[in-house]
Amino acid sequence: GAVVSQHPSWVICKSGTSVKIECRSLDFQATTMFWYRQFPKQSLMLMATSNEGSKATYEQGVEKDKFLINHASLTLSTLTVTSAHPEDSSFYICSAGRRTDPSEQYFGPGTRLTVT
Amino acid sequence: GENVEQHPSTLSVQEGDSAVIKCTYSDSASNYFPWYKQELGKGPQLIIDIRSNVGEKKDQRIAVTLNKTAKHFSLHITETQPEDSAVYFCAASKIRTSYDKVIFGPGTSLSVIP
């Protein structure tokens with residue numbers, strides 16, 4: 001149990017376009033999902049906390065208008081990178097916690113975004 | 001906010017030897033400390049965790065110790081195998097609500113030499 005999926009696993013887009021990444025908890029309900037960004041050989045940096053049915057909470061320095069987060073159900077959160085630029089190229093990872101034990105976070109496999 | 005430091009940044013050991021990774025945290029209110037293993041191109045996987053009411057926890061070849069007074073916690077891997085080679089992250093969090101952020105350390109790249 002506790003499987004989190006992400007789609008797509010990798011995506012290439014042109015500069016100026018938008019791309020949507022989905023994060024799904026497959027076998028449990030997640031009140032909260034988290035979005036991270038990871039640059040090569042670096043740690044995971046928390047971007048935002050996604051709460052089902054309410055607005056996301058963004059970390060300092062993360063542009064909310066650029067990284068749109070929607071958490072429409074207890075099993076799905078989406079991250080849309082708007083007007084993507086090459087510097088947005090990164091590995092994006094989501095995590096989700098069970099409603100019954102929010103302390104444990106289960107991570108998705110990640111999405112590799114390349115902006116050309 | 002919470003800050004997690006981790007040492008060493010890289011670690012090479014011979015197969016069969018032990019590996020130790022150490023972390024410190026800054027927020028005394030943190031009470032949950034997970035460790036993650038990340039293989040290249042994949043998401044992190046939880047390998048072991050410890051809560052503040054416990055000083056040590058072991059799972060087969062992996063053990064974690066916690067010193068709340070000193071705000072230190074460590075990962076110990078015994079009898080290392082080549083498949084243990086990966087990047088390991090320590091992290092800290094507060095168990096209170098369903099909105100607990102996990103703050104990661106910078107990571108340790110472990111290489112197990114056959």
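Within every chain, numbering begins at 1; the chains are lettered A, B, ... in the order of the sequence lines, protein sequences first and strands thereafter. Owing to the predicted nature of the structure, the values given are computational and were not obtained by experimental measurement.
- In this structure, B:Lys68 places its NZ atom where more than 12 heavy-atom neighbours from other residues, nucleotides or ligands lie under 6.0 Å away.
- Listed in order of number, the residues of residues 107-116 of chain A that approach chain B to under 4.5 Å between heavy atoms are A:Phe107, A:Gly108, A:Pro109.
- Using a cutoff of 4.0 Å between basic side-chain nitrogens and carboxylate oxygens, B:Lys101 and A:Glu59 are scored as salt-bridged.
- Between B:Phe89 and B:Phe104, the angle of the ring planes goes over 60°, which puts this pair in the perpendicular group of the 30/60° scheme.
- Across all their heavy atoms, A:Gln6 and A:Cys94 have their closest contact at OE1-N, 3.1 Å.
- Chain B is approached within less than 4.5 Å, heavy atom to heavy atom, by no residue from residues 73-90 of chain A.
- B:Glu15 and B:Thr80 are not linked by any side-chain donor-acceptor pair at a separation below 3.5 angstrom, with hydrogens and angles left out of the test.
- Within 6.0 Å of NZ on A:Lys66 lie more than 12 heavy atoms contributed by other residues, nucleotides or ligands.
- For a residue to count as touching a neighbouring chain, one of its non-hydrogen atoms must lie under 4.5 Å from one of that chain's; by this rule B:Gln45 does not touch chain A.
- Contact annotation for A:Gln38: only side-chain heavy atoms (C-beta onward) come within less than 4.5 Å of a heavy atom of chain B.
- For B:Gln81, the CD atom sits in a packed shell: over 12 heavy atoms of surrounding residues, nucleotides or ligands are nearer than 6.0 Å.
- Under 4.0 Å is where a charged nitrogen must lie from a carboxylate oxygen, and between B:Lys58 and B:Glu56 no such pair does.
- In this structure, the ring of A:Phe67 has its center no less than 6.0 angstrom from the ring center of A:Tyr58.
- Both the backbone and the side chain of A:Leu44 come within less than 4.5 Å of a heavy atom in chain B.
- The closest donor-acceptor contact from the side chain of B:Thr108 to the backbone of B:Pro8 lies under 3.5 Å.
- Ranked by heavy-atom pairs under 4.5 Å with chain A, the first of B:Gly43, B:Pro44, B:Ala91 is B:Pro44.
- Considering every non-hydrogen atom in both B:Gln6 and B:Pro106, the closest pair reads CB-CD, 3.6 Å.
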